[in-house]
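Please read the structure below before turning to the comments.
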Amino acid sequence: MSSTYGLFCPLLLSLLLFSSSASALTSHLNRIPRLRIARDSFLQDSGSAVSESVLNESQTFFFDQTLDHFNYRPESYVTFKHKYVINFKYWGGANSSAPIFAFLGGEEPLAQDIPETSETCYETIKRSWSEIDRVASKQHGLQYLSETFNTCEPLSNASELKDYLISMYAAAAQYNDPFTTPVAKLCDAVNSNGSSSILNKIFAGVVASKRNSTNSSCYDITPPRNASQTTLGWPWQTCSDLIITLARNNKTMFQPDKDTLHSYIEYCKSSYGVAPRPNWISTYYGGQDIKLILQRFGSNIIFSNGLKDPYSNGGVLANISDTIVTIYTVKGSHCLDITAASKKDPDWLVKQREAEVETMERWIHVYHDDLKKLRDS
Ligand SMILES: *[C@@H]1O[C@H](CO)[C@@H](O)[C@H](O)[C@H]1NC(C)=O
Ligand SMILES: *[C@@H]1O[C@H](CO)[C@@H](O)[C@H](O)[C@H]1NC(C)=O
Ligand SMILES: *[C@@H]1O[C@H](CO)[C@@H](O)[C@H](O)[C@H]1NC(C)=O
Ligand SMILES: *[C@@H]1O[C@H](CO)[C@@H](O)[C@H](O)[C@H]1NC(C)=O
Ligand SMILES: *[C@@H]1O[C@H](CO)[C@@H](O)[C@H](O)[C@H]1NC(C)=O
Ligand SMILES: *[C@@H]1O[C@H](CO)[C@@H](O)[C@H](O)[C@H]1NC(C)=O
Ligand SMILES: *[C@@H]1O[C@H](CO)[C@@H](O)[C@H](O)[C@H]1NC(C)=O
Ligand SMILES: *[C@@H]1O[C@H](CO)[C@@H](O)[C@H](O)[C@H]1NC(C)=O
Ligand SMILES: *[C@@H]1O[C@H](CO)[C@@H](O)[C@H](O)[C@H]1NC(C)=O
């Protein structure tokens with residue numbers, strides 16, 4: 001990252017949001033994969049938001065951040081020390097009109113430290129839900145499932161197991177990057193033993209996904225018990241401002257949801273005492289017609305995407321104007337282009353980053369030309 005951005009003498013300013021790497025918490029949260037950049041550790045990829053060498057060149061600062069910008073209750077005005085780091089290495093100084101690159105760390109701690117996939121196991125997964133339900137409903141069924149999936153504790157119910165699996169599949173799809181190929185690994189494992197039972201196939205997928213992230217001989221399917229405040233940040237956001245109502249119909253490999261919105265509202269009320277406001281974000285920020293709004297009020301934005309990321313469906317995938325462009329890759333996954341560059345990067349990823357850098361470079365030149373004209377006039 002530092003070498004590419006070094007082209008423009010930037011000052012890399014990174015805002016930190018501390019967060020633990022725990023995955024989702026409860027059944028509902030499991031259903032809304034986080035938008036985080038880094039790959040979950042259980043996917044055997046210790047991605048971090050910014051490479052360590054960049055951080056080593058940086059100085060740390062804090063500022064007083066308002067706790068909540070969106071309501072008028074007195075406690076919202078409480079402040080906390082918001083951490084950020086600045087990399088001055090390539091910066092030309094305030095008088096040089098050099099650009100400043102701000103990297104918002106997403107939901108990651110800043111300093112924590114693709115071949116084609118054979119995605120042909122969806123039918124097996126789709127059939128597995130009713131099989132889990134069927135087995136669970138039998139006498140000693142939960143115990144049987146617990147043994148089959150080698151869980152650390154006996155299962156409470158079928159939902160517990162299903163939520164664990166849903167979360168695992170969602171994360172594999174979202175972070176299906178070309179190095180770790182989580183979907184291919186998972187599917188290959190599910191497909192590998194044609195003669196075994198459907199539950200054994202599904203368990204083979206669990207083993208393939210989790211084997212390098214567990215030290216114990218059993219699988220802990222219970223959600224993390226002691227959530228950090230930042231782990232709770234995402235579900236809070238999805239209950240307050242960033243409402244994502246995912247309804248699964250019978251065309252997906254998941255079991256169709258029943259009454260999603262209602263149970264979502266109930267979940268938010270009982271967890272946080274708030275009812276979600278599904279229309280708030282578009283009322284407050286605009287966006288009923290996102291293309292028109294961007295055309296009229298936006299400039300110099302690159303919407304980058306990897307189409308393997310399920311979230312890309314909600315992204316801007318067409319160029320909107322000369323200065324609002326989309327640069328996506330068909331094989332890319334969630335935030336792949338903004339993770340640190342590596343020697344293993346495939347060509348298409350290198351090209352995506354180059355296109356992004358060239359675009360920014362062009363805009364910076366235009367800015368400097370305009371500035372010069374203004375000063376000369
Ligand atoms: C960053 O600094 C730490 C402590 O000085 C050092 O141990 C580490 O190797 C450095 N990492 C890089 C990538 O330079
Ligand atoms: C920056 O420019 C201003 C006004 O042109 C000047 O007063 C100041 O000394 C300059 N600062 C540096 C560090 O060069
Ligand atoms: C299943 O068990 C978990 C863990 O005890 C519990 O939180 C959840 O409410 C149960 N779900 C159902 C549908 O009973
Ligand atoms: C296939 O599954 C069966 C039944 O679960 C098991 O006995 C056998 O060892 C498996 N074979 C391989 C190659 O994994
Ligand atoms: C996972 O562990 C196995 C066995 O130790 C190893 O061969 C494999 O390379 C590891 N996978 C990753 C992605 O680290
Ligand atoms: C395994 O245990 C060691 C020592 O407790 C720990 O440092 C390491 O992070 C653990 N690995 C995983 C994948 O949980
Ligand atoms: C939960 O985490 C908090 C903060 O890290 C810690 O103070 C507390 O002791 C933990 N509670 C349990 C039960 O582990
Ligand atoms: C899937 O859902 C649609 C719409 O709700 C319904 O018409 C159709 O019969 C369903 N198909 C199956 C196989 O359940
Ligand atoms: C949008 O325009 C950029 C050049 O500004 C180009 O690199 C990119 O491929 C275009 N995207 C699409 C989807 O046409």
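For clarity, every value in this text was computed on a predicted model and none was experimentally measured. Order of listing sets the numbers, starting from 1, for every ligand and every atom in it.
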*Which protein non-hydrogen atom lies closest to atom 5 (O) of ligand 3, naming both residue and atom, and how far is it?*
S156 OG, 3.3 Å
*Would one find more than 12 heavy atoms of other residues, nucleotides or ligands at under 6.0 Å from atom OH of Y72?*
no
*Hey, what's the ring geometry for Y169 with W129, parallel, tilted or perpendicular (30° and 60° as the breaks)?*
perpendicular
*Any idea which protein heavy atom is nearest atom 4 (C) of ligand 9, and the distance to it?*
R362 NH2, 4.4 Å
*Pick, from D163, L155, N157, the option with the minimum heavy-atom distance to atom 6 (C) of ligand 3.*
N157
*What's the shortest distance from atom 13 (C) of ligand 3 to any protein heavy atom, and which residue and atom give it?*
S159 OG, 3.5 Å
*Answer yes or no: does an N/O atom from T326 fall short of 3.5 Å to an N/O atom of ligand 9?*
yes
_For atom 7 (O) of ligand 9, the protein heavy atom that lies nearest, with its residue and separation_ = I327 CG1, 4.4 Å
_For E160, the ligand 3 atoms whose distance to one of its heavy atoms is below 4.0 Å_ = 4 (C)
*When the ring centroid of F70 is compared with that of W280, is the distance short of 6.0 Å?*
yes
*asked:* Is it the case that atom CG in D133 sees more than 12 heavy atoms from other parts of the structure closer than 6.0 Å?
replied: yes
_R134/E131 salt bridge by N-O under 4.0 Å criterion_ = yes
*Judging by distance only, is a nitrogen or oxygen of T359 under 3.5 angstrom from one on ligand 9?*
no
*List the closest protein heavy-atom neighbour of atom 3 (C) of ligand 9: residue, atom name, distance to the nearest 0.1 Å.*
N319 ND2, 3.7 Å
*Strictly under 6.0 Å, is that where the ring centroids of Y164 and F149 end up?*
no
*Calculate, to the nearest 0.5 Å, the distance between atoms CZ and CG belonging to R73 and L67 respectively.*
11.5 Å
*asked:* For atom 9 (O) of ligand 3, is there a protein heavy atom at a distance under 4.0 Å?
replied: no
